[in-house]
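Report on the structure given below.
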Amino acid sequence: MLEMFEYEFMQRAFVAGIFIAILASISGTFIVLKRYSLMSETLAHSALVGVAVGLVAGYNPLWAAVIVAVLFAWLIEYLRSHFTLYSDAILSIILSGSLALAVIIVSLGGAFNNSLFSYLFGSILSVSYEDVVTIALFGTPALVLLLLFSKELYFITYDEEVAKTSGIKVKLLNFLLVTVVAIIIALSIRVVGSLLIGALMVIPTSAALQYRVGFKNTILISLFFALISVVFGMSLSFYFSLPSGATIVLTVISLFILSLIANKK
Amino acid sequence: MSLKFKVPIFDVKNLSFRVRGANILSNISLEIFNGEYIAIIGPNGGGKTTLIRMLLGLEKPSSGEVRLFGKKLKNFKEWHKIGFVPQRASLVDANFPATVEDIVKMGRVAKRGIFAGFSKEDTLKVEDAMKKMDILDLKKKMVGTLSGGQRQRVMIARALASSPEILILDEPNTGVDMVSQQRFYKLLAKLNKEENITIVFITHDIGVIADDIGRLFTINQKATICNNPKETLSCEEMSTLYGIEAHVISNHKHEHSKDGSC
């Protein structure tokens with residue numbers, strides 16, 4: 001079992017994967033409770049536009065993905081607050097629009113190849129040293145911000161208007177949350193892939209919610225499930241030569257189903 | 001009247017609210033002073049909730065001005081002085097991961113600095129608010145498992161945890177049974193008398209509240225302010241306010257007329 005750690009690429013993949021599990025599960029708790037689950041899917045597709053630009057123009061695709069995902073997150077928040085559009089309609093429009101844009105950029109640039117495939121479904125083989133550094137560089141401040149404002153964000157997810165009348169800066173914190181989530185999603189694209197990252201954000205929390213425990217314990221259970229899924233999923237990916245995103249997601253779904261059965265009313 | 005020389009908690013002048021050309025509220029002016037116990041009544045769609053939302057800065061008025069503790073809303077920073085319990089607050093999402101203590105603690109969040117955890121003072125205030133609402137024994141219970149009446153007391157404890165000077169409640173009895181409602185009104189009166197917390201609440205329980213309240217605001221696009229609520233609760237005025245023929249059945253055991261109506 002431990003022989004996989006003899007390979008440097010697996011060491012890199014595990015460091016990146018564990019960091020991503022921590023980031024995705026903690027931010028995912030707020031996303032699920034705020035009914036923003038579809039937002040993670042939309043931002044994952046938006047990040048793909050950044051990857052496409054990076055691949056075609058020769059920039060670091062992960063950096064480009066972070067920048068583009070953050071810009072799209074701000075665009076979604078702007079549309080949500082300034083136009084009379086339903087939130088899920090905005091997310092759906094941007095999801096398909098950004099995917100279409102990514103495909104066109106990649107097609108025009110002739111970069112429709114295996115490299116793009118690895119960004120869609122995740123690949124432990126492709127996690128480079130630069131990727132690990134990028135994940136740590138953006139992921140650390142994202143995690144610090146989430147933890148610093150966790151009590152305020154929890155209050156907002158419970159009742160935005162009551163939080164506002166209590167003096168919490170709701171607009172600013174919502175803006176901060178979507179920015180942090182955009183960064184986390186873009187960073188996760190290497191390990192889990194853009195088509196599957198939404199699952200790593202939403203499913204661990206959905207499973208944890210089945211245990212009907214307080215906020216802190218819900219986050220801890222969600223974190224535990226995300227870590228198990230990443231470690232087990234990446235091991236399966238290594239031994240059976242499967243895309244890591246798919247094995248991670250199937251593992252977390254298995255944990256979700258077990259949680260559902262164990263907590264059936 | 002000495003009240004006139006105090007700075008009002010709320011000072012509302014010529015407040016109007018229009019949506020797509022339709023007047024929801026027109027030219028409302030009122031003052032709310034420290035220690036008052038005020039009920040707001042009126043028909044559905046009459047603008048009661050909109051008025052409360054404008055007072056709290058949740059809706060922007062089309063014209064007019066709201067001052068809170070003498071300050072314009074946009075300059076007001078001491079939000080811990082306000083405790084707000086919104087409509088249907090007791091109908092909390094049953095799956096929301098929160099214990100009673102988690103919810104009541106939220107009342108202290110805005111008082112903390114970004115880098116500070118909950119202090120000993122926060123813990124004491126949270127315990128005190130739970131004691132006042134008689135929910136201390138429920139503190140580790142999940143909110144989703146409580147009854148409507150218990151949840152209602154949790155929501156008020158959350159508002160009390162910030163040590164507010166005024167408590168604003170929008171139809172707090174939605175989803176709450178009759179016994180809990182009576183207990184609730186006793187609690188409100190106690191908070192007003194013993195803790196000197198100003199109480200403003202929207203209600204449809206006109207008969208039940210008449211005994212305790214100091215002033216009554218009737219809102220139906222315009223505001224009528226009544227300093228003697230028992231006088232306002234006449235058939236004629238109720239009929240005008242609600243736009244139907246109303247019969248007021250007195251709640252006072254020894255004061256009602258023979259047929260129980262007017």
Side-chain angles (χ1 to χ4, degrees), chain A residues 25-26 28-35 37 81-82 84 144-173 176 202 204-223 259-260 263 265, chain B residues 20 49 52-53 55-59 68 73 76-89 91-103 105-118 122 139-145 154-155 158-159 161-162 164 166 168 170:
Chain A
S25 57
I26 295 178
T29 307
F30 297 109
I31 290 294
V32 170
L33 294 178
K34 267 181 88 68
R35 310 283 201 276
S37 295
S81 53
H82 288 81
T84 46
V144 169
L145 284 171
L146 273 180
L147 295 177
L148 270 183
F149 291 105
S150 62
K151 289 187 176 68
E152 284 82 356
L153 290 170
Y154 178 49
F155 196 175
I156 292 173
T157 58
Y158 169 68
D159 193 322
E160 207 163 295
E161 292 198 334
V162 174
K164 195 178 172 191
T165 59
S166 301
I168 306 276
K169 303 220 174 303
V170 171
K171 255 190 184 172
L172 186 71
L173 285 167
L176 178 96
V202 173
T205 300
S206 302
L209 284 172
Q210 301 310 312
Y211 293 86
R212 295 184 188 91
V213 288
F215 176 60
K216 262 188 202 164
N217 289 335
T218 301
I219 286 196
L220 287 176
I221 295 172
S222 169
L223 178 63
S259 301
L260 272 183
N263 294 287
K265 279 180 191 171
Chain B
R20 295 187 182 106
T49 296
I52 292 286
R53 291 175 63 80
L55 295 186
L56 294 168
L58 295 172
E59 295 284 359
L68 245 172
L73 261 180
F76 184 72
K77 299 268 185 278
E78 299 160 297
W79 286 102
H80 64 90
K81 289 183 173 177
I82 316 280
F84 174 48
V85 180
Q87 206 171 12
R88 307 177 80 80
L91 302 180
V92 68
D93 172 9
N95 293 321
F96 194 83
T99 60
V100 168
E101 192 179 22
D102 284 339
I103 298 283
K105 265 188 177 172
M106 287 177 184
R108 301 296 299 174
V109 169
K111 279 204 156 190
R112 297 162 50 254
I114 298 169
F115 299 99
F118 285 117
D122 292 325
K139 83 179 202 182
K140 295 291 174 202
K141 287 229 169 195
M142 296 298 290
V143 176
T145 63
V154 173
M155 301 311 148
R158 198 246 336 122
S162 69
I166 182 166
I168 299 170
D170 186 356

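Below, read A as the first sequence line, B as the second, and so on, with proteins coming before strands; counting in each chain starts at 1.
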Taking every non-hydrogen atom, the tightest pair across [X] and [Y]:
X: Ser166(A); Y: Ala110(B); value: O-CB, 2.9 Å
X: Gly214(A); Y: Asp102(B); value: CA-OD2, 3.7 Å
X: Tyr154(A); Y: Phe96(B); value: CE1-CE2, 3.6 Å
X: Trp79(B); Y: Thr165(A); value: CE3-O, 3.3 Å

Item to check | Residue, of Leu56(B), Thr99(B), Leu58(B), Val143(B), that accumulates the most heavy atom pairs under 4.5 Å with chain A | outcome: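 Of the options given, most contacts go to Leu58(B).
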
Next on the checklist: Phe30(A): which residues meet the ring-ring contact (aromatic ring centres under 6.0 Å, His included) condition with it, sequence neighbours left out?
Outcome noted: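 Counting only residues at least two positions away or on another chain, Phe30(A) forms a ring-ring contact (aromatic ring centres under 6.0 Å, His included) with Phe215(A).
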
Checklist entry - Quick one: NZ on Lys105(B) to NZ on Lys151(A), what's the gap to the nearest 0.5 Å? => result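 NZ of Lys151(A) is found 7.0 Å from NZ of Lys105(B).
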
Item to check | Distance, nearest 0.5 Å, that separates CZ of Arg158(B) from CG of Asp159(A) | outcome: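 That separation rounds to 7.5 Å.
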
Next on the checklist: Tell me whether Lys169(A) at atom NZ has more than 12 heavy atoms from other residues, nucleotides or ligands lying less than 6.0 Å away.
Outcome noted: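 No, not enclosed.
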
Checklist entry - Is it the case that more than 12 heavy atoms not belonging to Lys34(A) sit under 6.0 Å from its NZ atom? => result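 For Lys34(A), atom NZ is crowded (more than 12 foreign heavy atoms under 6.0 Å).
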
Item to check | Pro97(B) and Ile219(A), any side-chain heavy atoms less than 4.5 Å apart | outcome: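 They are not in contact (no side-chain heavy atoms under 4.5 Å apart), so the answer is no.
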
Item to check | Interchain contact, Ile103(B) with chain A, by part (heavy-atom threshold 4.5 Å) | outcome: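 Side chain only.
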
Checklist entry - Does any heavy atom of chain A fall under 4.5 Å from the side chain of Met142(B), the backbone, both, or neither of them? => result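 Just its side chain gets close to chain A.
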
Checklist entry - Mind checking what makes salt bridge (Lys or Arg N to Asp or Glu O under 4.0 Å) contact with Arg212(A), not counting sequence neighbours? => result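 Salt bridge (Lys or Arg N to Asp or Glu O under 4.0 Å) check on Arg212(A) returns nothing, list empty.
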
Checklist entry - Side chain, backbone, both or neither: which part of Thr218(A) has an atom under 4.5 Å from a heavy atom of chain B? => result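 Side chain only.
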
Checklist entry - By a 4.5 Å heavy-atom criterion (distance strictly below it), what part of Thr157(A) contacts chain B: side chain, backbone, both, or neither? => result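 Both backbone and side chain.
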
